[in-house]
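First up is the structure itself, then whatever we jot down about it.
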Amino acid sequence: MTSNSGSINPFETAQRQVDIVAKVLNLDAGTTSILKHPKRELTVNFPVRMDDGTYRVYTGYRVQYNMARGPCKGGIRYHPQVSLDEVRALAAWMTWKCAVVNLPYGGAKGGVICDPKHMSKGELERLTRRFASEISPIIGPEMDVPAPDVYTDSQTMAWIMDTYSMERGYSVPGVVTGKPLSIGGSEGRGEATGRGVMYVVREAAKDLHLDVKKATVAIQGFGNAGSVAGNLIQKELGSKIIALSDSRGGIHNPAGLDIAAVEAHKQKTGSVVNFPGSNPVGNEEILTLDCDILVPAALENQITRDNAKGVKAKIVAEAANGPTTPEADDILFANKVTVLPDILANAGGVTVSYFEWVQDLQGYFWEVHDVNTRLEKVMSASYRAVADLAQKHGVHNRTAAYVLAIGRVTEAMRVRGIYP
Ligand code: GLU
């Protein structure tokens, strides 16, 4: 999935998106400048003991972008290509994402430059615990609440929760979300991102009079977001998944792929590649396949000015963060492709993270049905608000989502005023 991701700086993209919206909202230069800069950035270099007894120094970041609306919220990713600018962009997007779905949160993001695929569980645990300790002065239930992201999961969150709690001397479940159920996790959090994607696809299809039962779907990326979205779009909407990919390559079968069987194959072989009865397809090629719904669920900068013209889908539902560049947005809009932007489409994850945090603070836990019903309400209402705003201003959904989100963040900044 590295084909396009290296060349475009995601933070420049994030800043350009703010400029576009500042014009629509008529924001003054001072406010625009605040919105284009992260509030607080922490870089840590820390040693980890490897299994062979040697030490390696890793670099990690936590960026708190804006906390006007509440405690910062956002995941931590482990990936060889993590950079400070990428984390800044992701922290900005978290700020707008929390505001689009109207959670009382600001935005943050963290990342560690590492290759988790080539580390043992013990090495990952020691890396996670030391990173948690290094960033512990700036995290906490009232300040900044991390969660899983690319190549981190509920186990990673358990280690962070334990490390933070050990250092304080008591258990602090609300310091992270996406935890295992046994230590204060929420029902429904594991599948929340993919479930949210399914809800907004369903709502957009209604507006477009697209029969989801006859729709074909291609999914780039088969991690937590992509696999759950695929599963639920197949099971609950009845659409046909015709192509899937992961970091090693993709598979295509116009007659449809059985997601459960593909999952079993990936479990066994480590990849979706070579799934029986499918044809190979590249990670770039998958974006321009003949299909009704395209779900980019991998990394940033996948749909660019170079390939946007080739996108044939009617709906692009961004399960990944930042998969489409601003130039590509304009091309898709001109070609009447409905884009469900990341800050709306994948907001199901952070929405149920919010539910988890609320449950932790109250020490009172909900049933899965309550979680999913509330999630559905948040996702459908947010979709409606964005789609109506897009219609009203004659802009694409991303700009509309930004108008909604940045409008809310600037209102919080305005009413609080600038200190001192
Ligand atoms: N990493 C997820 C995201 O990008 C979830 C963040 C959270 O739950 O705080 O939205």
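All ligand and atom numbering here is 1-based and tracks the order in the structure.
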Which N or O atoms of ligand 1 sit under 3.5 Å from a protein N or O, and how far apart is each pair?
| unit_1 | atom_1 | unit_2 | atom_2 | d |
| --- | --- | --- | --- | --- |
| ligand 1 | 1 (N) | P148 | O | 2.9 |
| ligand 1 | 1 (N) | D149 | OD1 | 2.8 |
| ligand 1 | 4 (O) | K97 | NZ | 3.0 |
| ligand 1 | 4 (O) | K109 | NZ | 3.1 |
| ligand 1 | 4 (O) | D149 | OD1 | 3.4 |
| ligand 1 | 4 (O) | N321 | ND2 | 3.1 |
| ligand 1 | 8 (O) | R189 | NH2 | 3.1 |
| ligand 1 | 8 (O) | S353 | OG | 2.6 |
| ligand 1 | 9 (O) | K73 | NZ | 2.8 |
| ligand 1 | 10 (O) | K97 | NZ | 2.6 |

Quiz item: What about Y105 and Y354, are their ring centers closer than 6.0 Å?
Solution: yes
Self-check item: With sequence neighbours excluded, residues passing side-chain contact (heavy atoms from CB on, under 4.5 Å) with K240
Solution: T216, I242
Practice problem: Go through the structure and list residues passing side chain to side chain donor-acceptor pair (under 3.5 Å) with K97, not counting sequence neighbours. | Solution: N321, N346
Quiz item: Should the pair H79 and Y151 be assigned to parallel (<30°), tilted (30 to 60°) or perpendicular (>60°) ring geometry?
Solution: parallel
Quiz item: When D292 is tested against each of K314, K312, K213 for salt bridge (charged side-chain N to carboxylate O under 4.0 Å, His left out), which residue passes?
Solution: K314
Practice problem: Identify, with sequence neighbours excluded, every residue that meets side chain to side chain donor-acceptor pair (under 3.5 Å) alongside E285. | Solution: none
